[in-house]
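Just so we're clear, the structure is a prediction, and the values are computed from it rather than from any experiment. Start at 1 with the first residue, then count along the sequence.
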Amino acid sequence: MTEDKLKLLLTDLSLDEKIGQMLQVSGLFYGDDSALTTGGLDYFKATHEELLRAGSILSISGAEKLKKLQASLMEKQPHHIPQIFMLDIINGYETIFPVPLGQGATFDPELSERCAAAAAREGAAAGLHVTFSPMCDLCRDARWGRVMESTGEDPFLNGKMNAAMVRGYQGKNVKDKGQLASCIKHFAAYGGAEAGRDYDTVEISERTLRQSYLPAYKEALDSGAKLVMTSFNTLNQVPSTANKWLMRDLLRGEWGFDGVLISDYGALKELVPHGIARDEKEAAELSAKAGVDIDMMSLAYIRNLKLLVEEGKISGELIDQCVWRILKLKNDLGLFENPYKDADPEEQKKICLCPEHRALAREAAAKSFVLLKNGPDASGKPILPINPSAAEKIAFMGPFADNHEVFGSWSFPTDSSTTVTIRQGVENTGGNFSATFCQGSQILGHDFKYKNWVRFTYDEDAKTALLEEAVEKAKNADKVVVCIGEHQQMTGEAASRTKIAVHEEQMDLLRAVSKVNKNIVTLIFAGRPLELEEVSELSAAVMYLWYPGTETGNAVCDVLFGLEEPGGRLPMSFPYTTGQEPAYYNRFRTGRPNNGTLEQTFVNGYIDQIDRNLYSFGFGLAYTSFEYSPVSLSSVTMNRGSRITASVTVRNTGSRRGTETVQMYICDCFGNVVRPVRELKGFCRITLEPGESREVSFEIREEMLRFWNISMEYASEEGSFIVYIGSDSRTENSANFELV
């Protein structure tokens, strides 16, 4: 539809029709019992007429279903305006890729772009138009369950990964076949919630907001994201859904975003319990004035906007602005010419879980696995990789050894039976080893308080029998692979935890097995960093798998048996104990720095725990070893109009081919505000044959040295800088330069 015709359509709509376009409701109200809800439903008593007027529907999918629903609703609308169908496609539609935190571990934006493109092809064939992804929230506190949906704790990495996902979903034009519009979330700073409690308060300075939390959203928007979702939290005492400064002044004004702004689930009505609105009428007024176009799953807009216009509290022009953005999105998607877009039942069957997508899922999973420890086996050699040709007895055990549900809490409408378990992967391997399997323990104990939709029943009588079987198998094995971690519903929305550790039920299994066999490889499934000190002590090798998705078992075996290497590096720091959270690497310097020991007093830190992380951001081992040369600089001075190059030579000093993730960090030694100890400013993955060397160079530009200074100007300052290049954020391989 031409823009002129779209404007005529807007003019011709009644006020009731316009306000209807601003309502989004769940597919549950259109007969889809499988639709997901992320909030209560008792409050939502929409009338039949209101449901018919709604402009978009969430959490419903399936080509045949949506084509019928689109036709039915368009027929009943006065102007036959098509619906937009939206869904949380977080890490895949039916083919499930690693959770976003696992994708962050790949340090490979191009890979995430390919995964997003594959997810878009499947979702579009299933009749969808918009995905609520990526989640650009910076996450520094692993107690928050939604760290799983992020790509980690670093602004630079998050920006690169989220921008790539937007490009993957949307392609060159969202109207094209196989593309979805991307809705970035949650704007803004949702990941900064106090104490990691979901939906909680965020209190950070504007400087910290702009320096650390906003860059990833901005980079995703610069890649063309069509929608933005508001966050549940307050930001400096103003709920985001009513934050006019955040939405109108910053997002729309300063950044120039002219796409659709949608609330999160029920967020408009939540302005009342927040205490910023007396009732839903005032909530509607505040949100509309803040610039929110679509009210997701509340009746605040559809019940109150017309009255607010009639009372003169909201102008008709403001309503028109909101509806124009919604109609323009529908037009950008091509829905006026083809309201079904790519919905095709036969194409959906053909493309979902197709061999190409499964191969990509397998590749992505292997590249996300992070090898944290690789100690010696009984022969004195690194225990991993395991030689599949050796006539060894390997015992696979733990509640994840034969578990299909290893794809993350936001993976739907996934049929878990399509996921390859570790047992299935082992059986597909066809090696010379012999394998045995047992459960060993239950995932959770009877004392665990879980979300009301978790399907879990604890059997007290089974514990002893499960342990005894596991110990007996471990006694008779050359190597033991223990598969433990978090139930996938222990992470995600509404899954904050005060103790981020493997449940005691599973730790009892690891402890018992370690008493009879020391050749233990521990594989950990989780959606967040966990306490791993004891796990590491009891294991010869530890590998972090996150939630790998559809091809879990095949990818795990690819890495265990050395066909592939563990390609991941940590996108979040891992603390020794939960009490260290938030435990991010790029902290500010203090006046009483800690040297990482407990011998000091009156310094920054704790009296019962060294002031460092167990595993820091960027860390990860390979099946080979790498040696770095000292950092060399093309110049030790740089002026504002020039740039310098920092280089290292990396050599593979091991006996097998390997891939290294080379990381560059910069420290601003002196500023008119306190600066972080170091910040990631570049990374690249290189693959080297044994003995091969390669020079890796990073360009340093003046704009990379800018920060929000004491006058709240984004600028660099002349002075001293340190550039670090190495394998993780703790590297001390460095050189100094001056900005003059």
Taking atom [atom1] of [X] and atom [atom2] of [Y], what is their separation to the nearest 0.5 Å?
X      : Y      : atom1 : atom2 : answer
Glu565 : Phe369 : CD    : CZ    : 13.0 Å
Asp258 : Arg252 : CG    : CZ    : 7.5 Å
Met148 : Trp410 : CE    : CH2   : 8.0 Å
Gln170 : Asp176 : CD    : CG    : 11.0 Å
Thr131 : Leu87  : OG1   : CG    : 7.0 Å
Lys5   : Leu9   : NZ    : CG    : 11.5 Å

Any non-hydrogen side-chain atom of [X] less than 4.5 Å from a side-chain atom of [Y]?
X      : Y      : value
Cys115 : Leu360 : yes
Leu6   : Trp324 : yes
Phe107 : Leu157 : yes
Thr552 : Thr421 : no
Leu250 : Asn243 : no
Leu327 : Met1   : no
Pro566 : Met543 : yes
Gln489 : Ile443 : no

With sequence neighbours excluded, residues passing side chain to side chain donor-acceptor pair (under 3.5 Å) with Thr418: none
Do any N or O atoms from the side chain of Gln83 and from the backbone of Ser56 form a donor-acceptor pair under 3.5 angstrom? yes
Is it the case that the side chain of Ser287 and the backbone of Ala284 share a donor-acceptor pair, with hydrogens and angles ignored and the cut-off at 3.5 Å? no
Any salt bridge between [X] and [Y], counting N to O under 4.0 Å?
X      : Y      : result
Glu363 : Arg114 : yes
Asp88  : Lys185 : yes
Asp320 : Lys18  : yes

Passing option when Ile81 is tested against Lys330, Arg53, Met74 for side chain to side chain contact (heavy atoms under 4.5 Å, CB included): Lys330
Which of Pro134, Ser150, Pro109 passes side chain to side chain contact (heavy atoms under 4.5 Å, CB included) with Asn162? It is Pro134
Any luck finding a side-chain donor-acceptor pair between [X] and [Y] under 3.5 Å?
X      : Y      : result
Tyr547 : Ser411 : no
Tyr199 : Glu493 : yes
Tyr213 : Asp137 : no
Thr230 : Asp264 : no
Gln103 : Ser112 : yes

Please work out whether the ring planes of Phe29 and Phe44 are parallel, tilted or perpendicular, with thresholds of 30° and 60°. tilted
Please determine which of Phe187, Trp255, Tyr190, Phe257 meets the ring-ring contact (aromatic ring centres under 6.0 Å, His included) test together with Tyr217. Phe187
Which residue is it: Phe407, Phe400, Trp546? I am looking for the one with a ring-ring contact (aromatic ring centres under 6.0 Å, His included) to Phe525. Phe400
Is the [atom1] atom of [X] crowded by more than 12 outside heavy atoms at less than 6.0 Å?
X      : atom1 : answer
Glu49  : CD    : no
Lys68  : NZ    : no
Asn428 : CG    : yes
Glu337 : CD    : yes

List for me each residue that meets salt bridge (charged side-chain N to carboxylate O under 4.0 Å, His left out) alongside Glu551, sequence neighbours excluded, and say none if there are none. Arg358
